[in-house]
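Reminder, nothing fancy here: chain letters follow the sequence lines and each chain counts from 1.
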2 protein chains.
Amino acid sequence: MCLPGSLGHEEADALGDLVKHGRVLNKSEFLFRQDDRFGSIYSVRSGVLKSVSLSSGGDEKIIGIHLPGELIGLSAMDVERYPVSVQALETAHVCELPFGPLEELLKRSPQLRRHLFRLMSREIRSTQQMTWLLTKKTAEARVVILLINLSARFRALGYAANQLQLNVSRNDIGNFLGMSSETVSRVLTRLRQNGLIRIDGKQVRILKPIQLIELAEGSLA
Amino acid sequence: MCLPGSLGHEEADALGDLVKHGRVLNKSEFLFRQDDRFGSIYSVRSGVLKSVSLSSGGDEKIIGIHLPGELIGLSAMDVERYPVSVQALETAHVCELPFGPLEELLKRSPQLRRHLFRLMSREIRSTQQMTWLLTKKTAEARVVILLINLSARFRALGYAANQLQLNVSRNDIGNFLGMSSETVSRVLTRLRQNGLIRIDGKQVRILKPIQLIELAEGSLA
DNA sequence: CGACCGTTTGATTACTATCAAGACACGTGG
DNA sequence: CCACGTGTCTTGATAGTAATCAAACGGTCG
């Protein structure tokens, strides 16, 4: 399924017709690049991708990390060109939803309309929460909250919740959370030393979720 | 007009019928509070308001500052209750757009649909830009960028672009930009000393916009 | 095996928060 | 009208968190 959520059969079928052939991306391949002409919204079927925005000054900012079931491109609906690049962090499958036909379908399906509005609304909220994270939390708490957040999202997908396959470099994590890769590294080692997590390369295993949550809340309640 | 933007006459009329009696808010009065039941989206006709989110830990985070022409409540469309409180920073007029009837109208008006999607998309982008601001810019640059940003938004409304009436406390500015009120104060005095702005209480006059912009770009390009 | 990129760890620096005190503005009540 | 209190703003001194600079340590892939 390409648009997870509460859709009737009819809508699902119509949507199925609309979907252009799904796309497979290899690791580090781009789904689209910043300033490409906007034409489609994408839905992640498998794999993990990142959104990156390149500022005029030349530095990159990682805007989001996308797991299966999530939509990509919602921030481009009112502009000619995508404001970010999207790149696969591992082999990924996506569905392409061409925006024109999608709008047609929206005409007929109140369900789908509600659904899309919901998704966008949620996106707004989650980005706003990120600003809260960035201004009110210490580096340690930010990393911990990211781990908890990813864990919850994995669980919601039916994957193991405390066995995170982090195909994201320390650099990317730091960029995303507004800190240096060194600090990310330091925080992770400290967590490991305290027995809250285990680290095997890109694998992070959450050993004591409850204490992690306490840590996240604790540092500046 | 309650939904600024490109609407046909028909839509505008229908929308006019839909709008519940506008509301007037005195300074520091609440439009709605966090956890109030979601029912309406609001459009600012005059005045300035702020969105504040209260975390479980008890501390507040200012999420947004709303000028005339902007919509409030887009982040609540998929939840039962508003995730933020909205408070007037000065006397303000708003239109209330009850969500149920609005959805009815969306059924019939592709124009309006597009318009709403556009606004939400823009909101996503502007919040994402805020995360960029918070992670990639120094305290000084953040304040400067806020000034420039407000100036541009005022100009777009037809107001004087370099005569900002900042009915926001230093504390609120700091909260919004992720820094202490003291730092805000220091940055503003430095800007004043360098002749880039003038300050008369809440009035900020931009004297050298070009140099301000250079400053904003300069500190960490 | 060696080169290379990402990670870890250490030492130093720097930005900004925090703590504290004084200045200022404003509204109230004497 | 002026004294007073309250809240915000400014300014200063100090402290802390995280950035930066640097170097050693892997793991991976020709």
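- Here the P atom of nucleotide C:dC5 and the NZ atom of A:Lys27 are 15 Å apart, to the nearest Å.
- Going from atom CG of A:Leu177 over to atom P of D:dT17 covers 18 Å, rounded to whole Å.
- Nucleotide C:dT8 holds its C1' atom 16 Å from the CG atom of A:Asp200, rounded to whole Å.
- Rounding to whole angstrom units, CD1 of residue A:Ile173 and C1' of C:dT7 are separated by 11 Å.
- For the pair B:Gln203 CD and C:dA25 P, the interatomic distance rounds to 15 Å; values are reported in whole Å.
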Show me the protein contacts with nucleotides 24-30 of chain D, counting only N or O atoms at under 3.5 Å.
none

If a protein heavy atom is under 4.0 Å from the base, mark B; if only from the sugar-phosphate, S; if neither, -; do that for nucleotides 8-16 of chain D going 5' to 3'. -SBBBB---
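- Taking 4.5 Å as the limit, every side-chain heavy atom of A:Leu67 sits out of range of all side-chain heavy atoms of A:Val44.
- Of the residues listed (A:Lys50, A:Arg122, A:Arg153), the one engaging A:Glu70 in a salt bridge (Lys or Arg N to Asp or Glu O under 4.0 Å) is A:Arg153, and it is the only one.
- Heavy atoms of A:Gly174 sit nowhere under 4.0 angstrom from any nucleic acid atom.
- For residues 27-37 of chain A, the pairs satisfying salt bridge (Lys or Arg N to Asp or Glu O under 4.0 Å) are A:Arg37-A:Glu80, with sequence neighbours left out.
- Contact annotation: the side chain of B:Ile62 never approaches that of B:Ile173 to less than 4.5 Å [non-hydrogen atoms, C-beta and beyond].
- Taking 4.5 Å as the limit, every side-chain heavy atom of B:Ser40 sits out of range of all side-chain heavy atoms of B:Leu97.
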Please tabulate, one pair per line, all N/O donor-acceptor pairs under 3.5 Å involving side-chain atoms of residues 192-199 of chain B, not counting sequence neighbours.
{"unit_1": "B:Arg198", "atom_1": "NH2", "unit_2": "B:Asp200", "atom_2": "OD1", "d": "3.3"}
{"unit_1": "B:Arg198", "atom_1": "NH2", "unit_2": "B:Asp200", "atom_2": "OD2", "d": "3.2"}

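- Listed by first then second residue, pairs satisfying ring pair (Phe, Tyr, Trp, His ring centres under 6.0 Å) with a partner in residues 132-151 of chain B number zero, not counting sequence neighbours.
- A straight line from CG of B:Asn175 to P of C:dT18 spans 12 Å, rounded to a whole angstrom.
- B:Lys61 meets the salt bridge (charged side-chain N to carboxylate O under 4.0 Å, His left out) test with no other residue; sequence neighbours excluded.
- Atom NZ of A:Lys136 and atom P of C:dA17 are 10 Å apart (whole Å).
- Exactly one residue among B:Val168, B:Leu49, B:Leu166 makes a side-chain contact (heavy atoms from CB on, under 4.5 Å) with B:Leu89. That residue is B:Val168.
- Going from atom CD of B:Glu140 over to atom P of C:dA14 covers 17 Å, rounded to whole Å.
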